[in-house]
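The next block holds one structure in the form of structure tokens; read it before the comments.
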Amino acid sequence: MLDLQLLRTDLDRVARRLADRPFNLDAHAFRALEDERKGVQTRTQELQAKRNALAKQVGQAKGRGEDAAPLLAEASAVNEELAALENRLADVQRRAQDFLAVIPNVPHESVPAGRGAEQNVEVRRVGTPRTFDFAPRDHVDLGAAVGGLDFETAAKISGARFALMSGAIARLHRALAQLMLDVHTREHGYTEVYAPYLVNAASMFGTGQLPKFKDDLFAVPRGELGEFFLIPTAEVPVTNIVRDAIVPLDRLPLRYVCHTPCFRSEAGSYGKDTRGMIRQHQFDKVELVQIVDPARSYEGLEALTGHAEAILQRLGLPYRVVVLCTGDMGFSAAKTYDLEVWLPGQNAYREISSCSNFEAFQARRMQARFRNEKGKPELVHTLNGSGLAVGRTLVAVMENCQRADGGIDVPAALWPYMDGVKQILPAR
RNA sequence: GGAUGGGUGGCAGAGCGGUUGAAUGCACCGGUCUUGAAAACCGGCAAGGGGGCGACUCCUUCGUGGGUUCGAAUCCCACCCCAUCCGCCA
């Protein structure tokens, strides 16, 4: 959520920058809403003050044993008028809130303007894609060759966009998550977190999935209580740790790492990435979350991105880093780096991590604050990034480490997690 | 699911329906004292919002939502959450 104060004082500049996303901020509607709010609020508060004063006089009169009847009559009249005004005020405030809740974050000044992925800017490339002296297969064919990656059975059990892993592939998948958790906790200073996979609507609002992106979520009804939502990323439960909290300054930055499955409806992506396990309704991800002092959030973003990169480097996977342009960024982000891993099966770089600074956008929605040097509560900045998407990392390892015979050479970094298995050989 | 107790400021913890935005303690900030520190003492210290150039002033907020009342942290109703016990269960 944007700062109301910012909209009041700098509406046109904000509207211009949001137009780059593109988002059309209706400045006229906002000003009209603001004017209405101001008028109703002022009159309501005047009447409330009057009511309070009268009530006090009644108390004093009764205390002196005087007749309070005239005062009571006046108070009743005030209350009648006040009730209508308070209703109107609540209505205007709700409309203002709804208006604010669907405005995306303002891109940081360093973010390039652009409409879509084509305008993203490459920052660096690390590693060189391997040249094969045979025709490289994609992970679906490799999975068929070694066994243990089964989309047909998953479709029987659940439907499209699910995978069933077994044997060495399932083990490799687990090994990847283990490696990531160990590196981030041991070397990057993150605290491991185990968090709920079902969250309430307030948490989804806090990180920005609600109200605008409900269609992307799986909702689980719970009768009278409304509904739970399956997390689309650990960002949601982990960032909401600090919702409605005031963190002492000396505890910042908070760094959390959390391995969870992620659930996405993928509404609107029909026909996209239908082959293989690039785009699934359920996938595992190791997520990095930082809660930081606003003065240091861009430092934090660079560091966090580096932490995610470290995993790719350790696995020897070639990748590149791109800054997302204004048109490709998520709703809540002020700046995002995507890490794209090289996939020989697609002959392309594909997203494997997304690292973002949300500045105070989520913090404002969550009322997540810290106590600054002056002892005053101030909104924190929140950051997160995949470190990494486990399913896609599995795909990348399979495709980049494949052998001519269809087997897979396990990267050395994973050996300690594989019970000494260094190659996954073709079945039969 | 049943029973009981409870949700108040950063924390702990008071609070006969009227001057309680809320005692007290801790924490925190400033000062006195001290070579320095501690202790002691004095003072300050909730958040969000409206209006005003400003001194300042007004409104809202005691789990949430309704209700009673001129007036609710205090009374009534519903719900949520937490604790403990019982039942069920991995």
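Proteins get letters first, then strands, A, B, ... in listed order; numbering begins at 1 in each. The figures that follow rest on heavy atoms only: side chains count, while hydrogens, waters and symmetry mates do not.
Rounded to whole Å, the distance from CD on A:E86 to C1' on B:C59 is 10 Å. The nearest whole Å value for the distance from the CD atom in A:E80 to the P atom in B:U69 is 13 Å. With rounding to whole Å, A:E74 atom CD is found 19 Å from B:U69 atom P. A straight line from NZ of A:K56 to P of B:U19 spans 7 Å, rounded to a whole angstrom. The distance from atom CG of A:D250 to atom P of B:G10 is 17 Å, rounded to the nearest whole Å. Straight-line distance from the CG atom of A:L85 to the C1' atom of B:C59: 13 Å, rounded to whole Å. If you measure from atom NZ of A:K62 to atom P of B:C70, you get 9 Å, rounded to the nearest angstrom. Straight-line distance from the CG atom of A:L82 to the C1' atom of B:C59: 11 Å, rounded to whole Å.
Checked by atom type, the side-chain pair A:H139/A:E399 shows a donor-acceptor distance below 3.5 Å. Of the N and O atoms on the side chains of A:E302 and A:Y337, at least one donor lies less than 3.5 Å from an acceptor on the other residue. Looking only at atom types and distance, the side chain of A:R243 has a donor-acceptor partner in the side chain of A:S203 under 3.5 Å away. Side-chain polar atoms of A:Q290 and A:Y190 form a donor-acceptor pair below 3.5 angstrom.
Annotation: B:C86 and B:C29 have their P atoms spaced 46 Å apart (nearest Å). Taking atom C1' on both nucleotides, B:A46 is separated from B:A73 by 15 Å, rounded to a whole Å. With C1' as the reference atom, B:U34 and B:A83 are 48 Å apart, rounded to whole Å. Comparing B:U64 with B:U8, their P atoms are spaced 10 Å from each other, to the whole Å. Nucleotides B:U4 and B:A78 are separated by 13 Å at their P atoms, to the nearest Å. For B:G48 and B:A38, the P atoms lie 31 Å apart once the distance is rounded to whole Å. With both ends at atom C1', the span from B:C58 to B:A3 equals 47 Å, rounded to whole Å. A gap of 25 Å separates the C1' atoms of B:C80 and B:A22, to the nearest Å.
Taking only side-chain nitrogens and oxygens, A:K38 comes nearer than 4.0 Å to OP1 or OP2 of B:G51. One finds a side-chain N or O of A:N52 lying less than 4.0 angstrom from the OP1 or OP2 phosphate oxygen of B:C59. Not one side-chain nitrogen or oxygen of A:R369 sits closer than 4.0 Å to the OP1 or OP2 atom of B:A46. Distances shorter than 4.0 Å separate some side-chain N or O of A:K376 from OP1 or OP2 on B:A47.
For the side-chain hydrogen bond (donor to acceptor under 3.5 Å, both in side chains) test with A:D284, the passing option among A:H259, A:R392, A:R174 is A:H259; the others fail.
With a cut-off of 3.5 Å on both Watson-Crick or G-U wobble distances, the partner of B:G1 is given as B:C86. In this structure, B:U20 makes no Watson-Crick or G-U wobble pair, since no nucleotide meets both defining distances under 3.5 angstrom. Pair assignment for B:C11 gives B:G25, based on Watson-Crick or G-U wobble hydrogen-bonding distances that are each under 3.5 Å. Pair assignment for B:U74: none, as no Watson-Crick or G-U wobble contacts are both less than 3.5 Å.
Relative to the ring axis of A:F205, A:R365 places its NZ or CZ within 45° and under 6.0 Å from the centre.
Taking the six-membered ring for Trp and the full ring otherwise, the centers of A:H281 and A:F263 sit at least 6.0 Å from each other.
Picking from B:G71, B:U19, B:C81 the nucleotide with the shortest atom distance to the side chain of A:Q60 gives B:U19. Side chain of A:I246, nearest nucleotide from B:C70, B:G10, B:G50: B:G10. Residue A:A49 places its side chain closer to B:C58 than to any other of B:G10, B:G18, B:C58. Comparing atom distances between the A:N79 side chain and each of B:C59, B:G10, B:C70 picks out B:C70 as nearest.
Here A:R8 lies in heavy-atom contact (under 4.0 Å) with sugar-phosphate atoms only. Residue-level contact check: A:R364 touches neither bases nor backbone, having no heavy atom under 4.0 Å from any strand. Within the nucleic acid shown, A:P377 comes within 4.0 Å of sugar-phosphate atoms alone, with no base atom in reach, counting heavy atoms only.
When each of A:L4 and A:A55 is assigned the nucleotide of RNA chain B with its nearest heavy atom, A:A55 is the one assigned upstream, toward the 5' end. Judged by closest nucleotide on RNA chain B, A:A53 is the one of A:L71 and A:A53 placed further toward the 5' end.
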